[in-house]
Amino acid sequence: METTLKKNYDPKTFEKKVYQDWMDKDLFKADPNSEKEPFCIVLPPPNITGQLHLGHALDQTLQDILARFKRMRGFETLWLPGTDHASIATEVKVVDKIRQEQGLSKKEIGRDKFLKEAWAWRDNYGRRIVDQMKQLGNSCDWSRERFTMDDGCNKAVKEFFVRLYEKDLIYRGNRIINWCPDCKTSLSDIEVEHEEKDGKFWHVNYPIKDEDLYIEIATTRPETILGDTAVAVHPEDERYKHLIGKTVILPLLNREIPIIADEYVDSEFGTGAVKITPSHDPNDFEVGIRHDLPQIRVMNDNASINENGGPYQGMDRYEARKKMVDDLEKLGLIVTVKERVHNVGQCYRCNTAVEPITSEQWFLHMDPLAKPAIDAVKNGDTKFVPERFSKIYFHWLENIRDWCISRQLWWGHRIPAYYCQDCGEMMVLREVPETCSQCKGSNIFQDEDVLDTWFSSALWPFSTLGWPDKTPELDYFYPTSVLVTGYDIIFFWVVRMAFSGLEACQDVPFRHVLVHGLVRDAEGRKMSKSLGNGVDPLQVIDEYGADALRFILIQGNSPGNDLRFHDERLEASRNFANKLWNATRFLLMNLDGDMPLLSEGEHKLTFEDRWILSRLQRVEQEITSNLDKFELGLGLQKVFDFTWNEYCDWYIEMSKTRLYSDNEGARYTAQAVLMEVLQNILKLLHPFMPFITEEIWQNLPGERGNIMVAPWPETKTDWINPEAEEEMGQLVQVIKSIRNIRADMNVPASKKAALMVLNARKELRDTLHKGTPYLMSLASVSGVSFPNTKEMVPEQAVSISFAGAELFIPLEELVDIEKEIQRLDKEKQKLQGEIKRVQGKLKNKGFVEKAPADLVEEEKQKKIKFEEMLKNVEKRMEELQQ
RNA sequence: GGGGAAUUAACUCAGCUGGUAGAGUGUAUCCUUGACGUGGAUAAAGCCGUGGGUUCGAGUCCCUCAUUCCCCACCA
């Protein structure tokens with residue numbers, strides 16, 4: 001029969017077409033009114049700032065595999081896609097763009113026009129990244145695509161914010177926060193990355209008022225001296241006890257500040273005396289509150305020194321530092337300068353050193369929210385896979401501090417707080433108020449700030465399903481089934497979704513969290529722009545196909561572990577696709593026309609038919625179990641092995657005998673089994689490699705729907721056939737032994753040789769009899785004979801050590817008796833070793849008594865087998881030596 | 001200062017609930033057999049990091065140490 005498949009697998013020729021077909025048929029669409037059991041994944045929305053990278057590819061491939069698997073298994077499957085507005089990142093990009101194109105700063109262009117530009121960016125790049133996701137093969141319900149700043153999300157954000165505010169969980173306050181002088185916004189604690197840097201530790205003498213005494217402090221940030229409002233010592237520190245309550249003259253500014261006692265001070269560290277700068281250090285801030293110290297902020301938003309800095313006003317923080325050290329030096333107040341590595345906090349977006357600063361911000365009170373989130377994982381409502389990540393989750397939630405949720409940015413959800421210009425009243429409301437609730441004035445303005453991006457991301461699992469409205473989607477799909485994400489954003493996102501979901505919906509947002517690792521380059525380095533070692537998934541798809549890309553991201557990777565990206569592995573996975581492609585081609589070329597069906601007509605199944613069908617059932621069972629347990633890498637490995645090693649290398653090869661024969665019945669049966677197994681392979685592989693499996697499926701004869709929505713193979717346990725597996729195992733072993741010896745002796749396949757079988761047990765004799773055609777085709781055997789006596793075996797024959805029969809291959813002129821004896825001797829030693837080990841085991845009383853009975857029995861059988869083989873070898877050696 | 005991960009064949013990695021180690025790549029030799037050389041056959045190659053423990057039995061469970069890599073933490 002003709003086949004429409006080309007000789008080589010070329011994904012470019014069909015991937016786009018296949019995807020379009022799925023789209024045209026609306027196969028990704030999920031129905032919230034379905035009778036089926038729901039399965040739901042919300043896609044971690046990629047930022048609209050960037051291109052799709054390999055991290056996305058891994059994350060999304062995992063989700064797609066689960067979605068496709070569950071869909072085939074009969075679940076109503078919703079994979080809900082979308083994109084994230086990525087407040088800071090996008091704002092920075094748009095600011096850049098405006099500066100480059102229009103030469104204007106953010107302030108110059110103004111809020112309204114800026115937002116217009118930002119939305120244009122979103123339309124442009126948001127669409128682009130969605131197109132890229134489709135190339136991966138994602139089976140998302142695109143009709144439900146969302147954006148973290150769309151109207152629905154905005155409504156959810158406002159609702160959630162107001163509710164929290166009304167419960168006193170959100171408050172506004174002047175507290176110390178992390179400030180990025182470059183992005184000019186506050187940051188949450190996790191948006192600050194700490195890096196060890198070489199720095200200096202300046203020891204400075206602070207003069208004590210009215211006395212000829214100094215108190216020595218140490219600091220890594222001398223510029224903050226300008227904001228000092230006290231010096232603190234430990235109350236029990238004998239060195240300083242007498243100074244407590246005295247006054248210090250702050251150098252350079254000559255301000256008078258007190259010496260106070262506070263347990264926070266570690267007497268062992270530094271000089272044991274600490275300068276206290278409540279406005280520029282989180283600890284000092286706390287000390288300041290305890291001791292009612294004034295807060296003096298000495299920096300502007302760009303980290304230059306402000307009017308409180310006296311002579312240093314206007315200088316950049318580092319410039320001021322240098323100048324102040326010089327000045328202190330001149331005054332003779334620098335006692336010593338030590339080298340010191342210390343942690344510097346940096347902005348996670350722009351790497352600028354973050355400045356702790358007191359500022360008026362909005363905060364989310366975390367303690368009451370954290371507790372239910374901890375409990376939900378403790379009692380198993382949400383499970384981490386692998387489990388170890390729950391530890392990280394607990395640790396973080398147990399030590400959490402209040403979350404600064406306001407940002408001094410324009411791109412984001414604007415905080416729904418409104419102020420009356422006339423009386424100063426503040427209102428937190430779902431809708432913009434027309435008049436002041438207090439004075440009825442109409443001069444109302446909204447809070448300038450927006451919310452942290454992660455505040456809206458935290459609502460993603462339910463805002464996308466319609467919350468706060470009671471929608472059928474929310475009712476049916478919430479809690480979602482599994483969240484798939486990298487370990488690097490557990491803090492940013494998973495934790496926040498957990499407590500938000502519990503607060504808003506009274507239930508966890510997801511039942512499982514499947515955590516994966518990072519994709520690294522071949523050297524194990526993180527892929528990054530600055531290193532230029534990033535691999536573009538789109539280019540990979542272009543060259544090798546999406547299926548090959550998906551394959552290497554999954555194969556050999558276990559949950560939670562990082563993986564390295566190697567080009568060579570791409571070739572290997574492409575080769576696998578090619579193998580499957582050609583196996584199909586082979587089958588199609590050998591059909592007689594119709595679709596051969598195993599379920600129709602009379603079939604005389606051979607032992608190899610029963611074997612492959614039996615193996616198929618087992619593999620189906622195993623893969624299904626692997627996928628249920630999120631062991632995707634193991635599952636894929638099994639389809640791979642079964643397809644290549646068992647189906648292609650053995651079954652297809654054996655089928656040729658019948659396919660090329662004139663016996664129509666036998667031919668049809670072989671075709672039917674080949675087809676049956678192939679179709680199931682395609683199904684098992686479909687979640688992993690959706691394009692090629694669909695394309696092949698469509699090219700099989702007969703009317704058929706899409707494999708994407710075909711039912712997942714159901715294991716037919718009555719097809720599991722241990723006898724056939726045993727029989728096949730024996731034949732394979734004989735064939736391999738023959739091949740082995742022939743290769744060893746350098747006998748080319750073209751030189752056929754007879755196989756002589758003596759003293760065979762009945763079953764083996766039957767097997768070898770039935771297997772004769774395969775011995776001939778696969779082991780270059782010219783024929784199999786069963787002589788009655790040893791005399792019929794020529795002297796110059798090699799023997800194959802095997803249990804259950806004596807096997808000989810007469811290879812007269814090729815056999816060197818001396819060498820043959822040597823070979824047998826090696827064999828003998830090997831067998832003796834085996835026997836010794838098995839005997840040792842069986843002599844061990846503990847083993848015989850405590851090990852499972854079937855295992856003991858197995859060992860006994862082994863012993864018998866090895867002993868028989870040994871006997872044969874020894875006998876043969878004797879014969880040859882005579 | 002805490003927490004975690006990794007350590008298995010030359011390389012990159014699998015190895016589920018403990019029962020004498022697997023894959024891909026690479027290497028060697030052979031094969032143009034009517035699906036595939038993006039192929040087939042055969043082979044070589046591992047005291048499963050160290051030291052202990054539990055067990056009849058440990059790559060697999062527990063502890064020690066070593067090396068590497070992450071994450072978290074307000075020591076000025």
Side-chain angles (χ1 to χ4, degrees), chain A residues 3 5 7-9 176 189-190 194 201 217-221 224 232 264-266 268-271 273-277 281-286 342-343 345 356 386 388-389 391-392 395-396 399 401 487-488 490-491 517-518 522 524 552 555-558 560-566 568-569 571-590 622 625-626 629 631 633-634 637 640-641 645 648-649 652-653 656 660 736 739-744 746-750 777-780 834 837-838 841 844-852 855-856 858-859:
Chain A
T3 164
L5 297 186
K7 185 176 174 190
N8 279 327
Y9 160 72
I176 196 137
D189 292 343
I190 43 172
H194 295 274
F201 207 29
I217 61 91
T219 181
T220 54
R221 297 187 298 151
T224 62
Y264 149 72
V265 180
D266 177 1
E268 306 295 313
F269 188 83
T271 63
V274 188
K275 62 192 269 316
I276 300 297
T277 322
D281 183 280
N283 295 307
D284 294 5
F285 180 81
E286 299 297 330
H342 63 130
N343 260 335
R388 66 173 185 270
F389 288 103
K391 229 175 190 175
I392 300 179
H395 179 80
W396 200 71
N399 296 287
R401 305 204 302 179
Y487 59 69
D488 52 333
I490 291 177
F491 301 136
L518 270 35
I552 66 160
Q555 192 237 21
N557 183 236
S558 58
N561 285 5
D562 291 351
L563 71 99
R564 294 191 191 192
F565 194 89
H566 285 97
E568 313 88 74
R569 289 194 49 218
E571 273 178 43
S573 50
R574 194 250 346 246
N575 293 353
F576 173 59
N578 188 60
K579 186 75 181 173
L580 179 68
W581 186 265
N582 275 290
T584 308
R585 233 163 57 82
F586 166 78
L587 174 52
L588 294 180
M589 280 162 32
N590 285 287
E622 287 172 24
S625 149
N626 285 140
K629 289 187 283 186
E631 297 164 350
L634 282 178
Q637 187 63 43
F640 175 87
D641 289 341
N645 302 332
C648 291
D649 286 347
I652 286 186
E653 289 308 323
K656 287 177 180 173
Y660 300 156
K736 285 199 163 187
R739 283 170 174 175
N740 182 337
I741 283 182
R742 292 179 59 106
D744 211 39
N746 271 322
V747 188
S750 52
S777 63
L778 303 179
S780 302
E834 297 284 351
R837 228 207 34 252
V838 178
K841 249 185 162 173
N844 183 338
K845 268 194 180 166
F847 175 76
V848 179
E849 282 165 17
K850 293 187 181 172
L855 202 79
V856 177
E858 208 175 288
E859 291 296 321

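Predicted model only: the values in this text are computed from it and were never measured. A, B, ... follow the sequence lines: proteins, then strands. Residue 1 opens every chain.
Rounded to an integer number of Å, the gap from CZ of A:F389 to P of B:G4 is 12 Å. Atoms CG (A:N590) and C1' (B:U33) sit 14 Å apart, rounded to a whole Å. One can place CD of A:E571 at 13 Å from C1' of B:G37, the figure rounded to the nearest angstrom. Across the protein-nucleic acid pair, A:I490 atom CD1 and B:G3 atom P stand 18 Å apart, rounded to whole Å. Rounded to an integer number of Å, the gap from A:N626 CG to B:A14 P is 15 Å. As a whole-Å value, the separation of A:L563 CG from B:C11 C1' is 16 Å. Rounded to an integer number of Å, the gap from A:L518 CG to B:G4 P is 20 Å. The interatomic distance linking A:K841 (NZ) with B:G57 (P) rounds to 11 Å, in whole Å.
No hydrogens or angles were tested; on distance alone, a donor-acceptor pair under 3.5 Å links the side chain of A:E653 to the base of B:A35.
Counting heavy atoms from C-beta on, the side chains of A:Y487 and A:I392 never come closer than 4.5 Å. Counting heavy atoms from C-beta outward, A:F586 and A:L5 have side chains that stay 4.5 Å or more apart. Residues A:Y660 and A:N590 meet the side-chain proximity criterion, which asks for heavy atoms closer than 4.5 Å.
Counting non-hydrogen atoms under 4.0 angstrom, A:N8 reaches a base of the nucleic acid. Nucleic acid contact for A:L634: sugar-phosphate only, since backbone atoms but no base atoms lie under 4.0 Å from a heavy atom of the residue. Using a 4.0 Å heavy-atom distance criterion, A:E834 is classed as a base contact. Using a 4.0 Å heavy-atom criterion, one finds that A:D649 contacts the sugar-phosphate atoms exclusively. Using a 4.0 Å heavy-atom distance criterion, A:R564 is classed as a sugar-phosphate-only contact.
When the P atom is used for both B:U38 and B:U27, the distance is 15 Å, rounded to whole Å. Here the separation of B:G51 from B:U67, taken at their C1' atoms, is 15 Å to the nearest Å. Using P as the reference atom, B:A23 and B:U32 are 26 Å apart when rounded to the nearest Å. Comparing B:C31 with B:U12, their C1' atoms are spaced 29 Å from each other, to the whole Å.
Taking a pair to require two hydrogen-bonding distances under 3.5 Å in either a Watson-Crick or a G-U wobble arrangement, B:U7 pairs with B:A66. As the counterpart of B:A43, B:U27 is assigned, both hydrogen-bonding distances of the Watson-Crick or G-U wobble pattern falling under 3.5 Å. B:C36: no Watson-Crick or G-U partner with both key distances under 3.5 Å is found in any strand. Searching all strands for a Watson-Crick or G-U wobble partner of B:G1 with both distances below 3.5 Å returns B:C72.
With 3.5 Å as the limit, one finds a donor-acceptor pair spanning the side chains of A:Q637 and A:D641. When only modelled atom types and interatomic distance are considered, A:D744 and A:N740 share no side-chain donor-acceptor pair under 3.5 Å.
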Sugar-phosphate means primed atoms, P, OP1 and OP2; the rest is base. With that split, encode nucleotides 67-76 of chain B 5' to 3' as B, S or - using protein heavy atoms under 4.0 Å. ----SSBBBB
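Relative to the side chain of A:C648, the nucleotides B:G19, B:G4, B:A35 differ in distance, and B:A35 lies closest. Distance from the side chain of A:R739 is smallest for B:U42 among the nucleotides B:G19, B:C36, B:U42. Among the nucleotides B:G24, B:A23, B:C36, the one closest to the side chain of A:K579 is B:C36. For A:N578, taking side-chain heavy atoms from C-beta onward, the closest of the listed nucleotides B:G4, B:U38, B:U12 is B:U38. Of the candidate nucleotides B:A35, B:U12, B:U38, B:A35 has the atom lying nearest to any side-chain atom of A:A583.
For the pair A:F640 and B:A23, the ring geometry does not qualify as stacking, because the centroid separation below 5.5 Å and plane angle under 30° are not jointly satisfied.
For B:G3, the OP1/OP2 oxygens have no side-chain nitrogen or oxygen of A:K391 closer than 4.0 Å.
Separating the CG atom in A:L580 from the OH atom in A:Y9 is a distance of 9.5 Å, to the nearest 0.5 Å. Distance check: A:N582 CG to A:L587 CG gives 12.0 Å after rounding to the nearest 0.5 Å. The distance from the CZ atom of A:R574 to the CH2 atom of A:W581 is 14.0 Å, given to the nearest 0.5 Å.
Comparing A:S558 and A:V838 along RNA chain B, the residue whose closest nucleotide (by nearest heavy atom) sits nearer the 5' end is A:S558. Nearer the 5' end of RNA chain B, as judged by each residue's closest nucleotide, is the contact made by A:N561, out of A:N561 and A:N844.
Taking the ring centre of A:F640 as origin, the terminal cationic atom of A:K579 falls outside the region bounded by 6.0 Å and 45° from the ring axis.
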